[in-house]
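Computed from heavy atoms alone, side chains included, the values below leave out hydrogens, waters and symmetry copies. Position 1 is the first residue of the sequence, and the numbers go up from there.
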Amino acid sequence: HLAYVIYTSGSTGKPKGVMINQGNLIHYLHYALKTYPVPQTGRSLLHSSITFDMSITSLFLPLVKGHFIHVLPPSSQGDTLEGLDKELDKLGFIKLTPAHLRALQEKLTSSYTADKESCFIIGGENLLKEDTAFWHNNRCSSLTSIFNEYGPTESTVGCAVFKINEIENTNHASIPIGRPISNTQIYILDSYLNPVPVGVRGEIYIGGAG
């Protein structure tokens, strides 16, 4: 049965209305519940429009866990996270884009990351190492979890996840998108739909329960 319809901007092809069914949604939430450590204390933040599939994580995951959600009014939504300053100490679970993360870092102090249990999930755009510099410069405690989540709307929010423990010692500027979530397959194929060798560029193809 249909759970929701979200219209895409066309970044993954022709603009379309993506129909996500109950099974797709339950599959994603089941994985998220096992993977993302939503803190027992503190609120979760819903700062994006519900027409953006980032809101699925921010809304349903905390509710399933029985947590409070702080909803920013439409006037405060956007890349700046305007008006959030007074709520920062109460927040423990946030889903963000890299642009949101950069805005949030300008509001945070090193004391926030010292002994606070928190979980940050980043998605929606390419995540760069420099976007996570604040967390490493301030030596976040083991209570802080940061994940890079990749997935187009068509794959039900996220289909690959990478947990960021430390900045990778590579020459690449981007944080990896990680490995497929449970019951999901990701292939790198050429224009003839044949798998490409390791290290060769290709297109990402996604299959599975999502």
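A donor-acceptor contact closer than 3.5 angstrom links the side chains of Thr57 and Tyr28.
Separation of atoms OG1 (Thr156) and NE2 (His27) is listed at 8.5 Å; rounding is to 0.5 Å.
Both Leu63 and Leu33 belong to a single network of hydrophobic side chains, linked directly or stepwise wherever heavy atoms of I, L, V, M, F, W or Y lie under 4.5 Å apart. Side-chain heavy atoms closer than 4.5 Å link hydrophobic residues (I, L, V, M, F, W, Y) into clusters, and following such links, even through other members, never connects Ile121 to Ile177. The hydrophobic clustering, which links ILVMFWY residues whose side-chain heavy atoms are closer than 4.5 Å, places Ile69 and Val38 together.
Residues satisfying the side-chain hydrogen bond (donor to acceptor under 3.5 Å, both in side chains) criterion with Ser191, sequence neighbours excluded, are absent altogether. In this view, Leu25 and Ala3, Tyr4, Leu29, Ile56 satisfy the side-chain contact (heavy atoms from CB on, under 4.5 Å) rule, not counting sequence neighbours. Residues meeting the side-chain hydrogen bond (donor to acceptor under 3.5 Å, both in side chains) test with Tyr31, sequence neighbours left out: none. Partners of Tyr36 by ring pair (Phe, Tyr, Trp, His ring centres under 6.0 Å), not counting sequence neighbours, listed by chain and number: Phe147. Legend: residues meeting side-chain contact (heavy atoms from CB on, under 4.5 Å) with Pro98, ordered by chain and number and at least two apart, are Arg102, Ile122, Glu125, Leu127, Asp131.
The shortest non-hydrogen separation linking Leu96 to His47 is CD2-NE2, 3.7 Å.
The environment of His67 atom NE2 is dense: over 12 non-hydrogen atoms of other residues, nucleotides or ligands sit within 6.0 angstrom. A 6.0 Å sphere centred on OH of Tyr7 holds no more than 12 heavy atoms belonging to other residues, nucleotides or ligands.
The stretch residues 200-210 participates, sequence neighbours left out, in no side chain to side chain donor-acceptor pair (under 3.5 Å) pair at all.
In this structure the side chain of Leu72 reaches within 4.5 angstrom of the side chain of His70, judged on heavy atoms.
Under the side-chain contact (heavy atoms from CB on, under 4.5 Å) test applied with Lys16, the options Thr8, Ile6, Val5 reduce to a single match, Thr8.
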